[in-house]
K.L.:
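Structure incoming, see below.
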Amino acid sequence: MKKPPAVAANFSGNITVLAVDSCAEDCAALANTFKTGPWSLCPEVHWTLTTAGTLGAAWSVLREGQIPIVLCECDRQPALWHELLEQIALSPNPPFLIVTSRLADDRLWAEALNLGAYDVLAKPFDGSEVTRVVSMAWMHWRDQRGHRALAPRTLVAGGGR
């Protein structure tokens, strides 16, 4: 697993996105999208994808640096995205959570948005849809956070600093 830099969320430059997914095939598809784009909505950004297969591994990555966007699959462990969403909400600069699923229907979309997720992405991933949703999430996160996004912080399960 590639480790993100201490501060991964600048207004331009390198942005690290965390994918919490235990399926190697899905992670490979995301990695390919992050390498090839098209990132026309955010051409000033170099995107880096970091993956974690478990909640513990995800917390390890989140503690290391500012991650503005987290993709979390919900098919294999349906409660995982709920738990992750609850915990990141306690952070002073919480990342936006995008739920991913092979069964991305209206029910999941409504549940995810009502609970505070940013969006839902269907699997198998469509590269242009991934880049559109991630780019929009990044721009929204950046605009909401303002200059606070530039300050490093530590994320701890159960609360931030």
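In this text the structure is predicted, and so the values were computed from the model without any measurement.
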K.L.:
Could you walk me through whether Asn14 and Thr48 pass the side-chain hydrogen bond (donor to acceptor under 3.5 Å, both in side chains) test, one step at a time?
P.N.:
CA-CA 7 Å; Asn14 293 324; Thr48 302; 5.0 Å; no
K.L.:
Among Val134, Thr51, Ile67, exactly one meets side-chain contact (heavy atoms from CB on, under 4.5 Å) together with Val17. Which residue is that?
P.N.:
Val134
K.L.:
So Tyr118 and Leu97, do their side chains get closer than 4.5 Å, heavy atoms only?
P.N.:
no
K.L.:
Can you give me the closest heavy-atom contact between Thr131 and Ser135, atom names plus distance?
P.N.:
O-OG, 2.7 Å
K.L.:
So do the side chains of Cys74 and Leu108 get within less than 4.5 Å of each other, counting heavy atoms only?
P.N.:
yes
K.L.:
Check the orientation of Phe96 and His140. Use parallel for under 30°, tilted for 30 to 60°, and perpendicular for over 60°.
P.N.:
tilted
K.L.:
Do Leu55 and Leu80 touch side chain to side chain, with heavy atoms closer than 4.5 Å?
P.N.:
yes
K.L.:
State, to 0.1 Å, how close Met139 and Leu41 come at their nearest heavy-atom pair, and which atoms those are.
P.N.:
SD-O, 3.9 Å
K.L.:
Are side-chain heavy atoms of Lys35 and Trp47 found at a separation under 4.5 Å?
P.N.:
no
K.L.:
Answer yes or no: is there a side-chain heavy-atom contact under 4.5 Å between Leu84 and Leu62?
P.N.:
yes
K.L.:
Mind running side-chain hydrogen bond (donor to acceptor under 3.5 Å, both in side chains) on Gln77 and His82 for me, showing each step along the way?
P.N.:
CA-CA 10 Å; Gln77 300 175 48; His82 291 102; over 6 Å; no
K.L.:
Which heavy atom of Ala57 sits nearest a heavy atom of Thr54, and at what distance?
P.N.:
N-OG1, 3.1 Å
K.L.:
State, to 0.1 Å, how close Ile98 and Ala137 come at their nearest heavy-atom pair, and which atoms those are.
P.N.:
CD1-CB, 4.1 Å
K.L.:
In this structure, are over 12 heavy atoms from other groups packed under 6.0 Å from Trp39 atom CH2?
P.N.:
yes
K.L.:
Hey, are Lys123 and Asp21 close enough for a salt bridge, meaning a charged N less than 4.0 Å from a carboxylate O?
P.N.:
yes
K.L.:
Ala112 and Trp81: which non-hydrogen atoms are nearest, and at how many Å?
P.N.:
CA-CH2, 3.5 Å
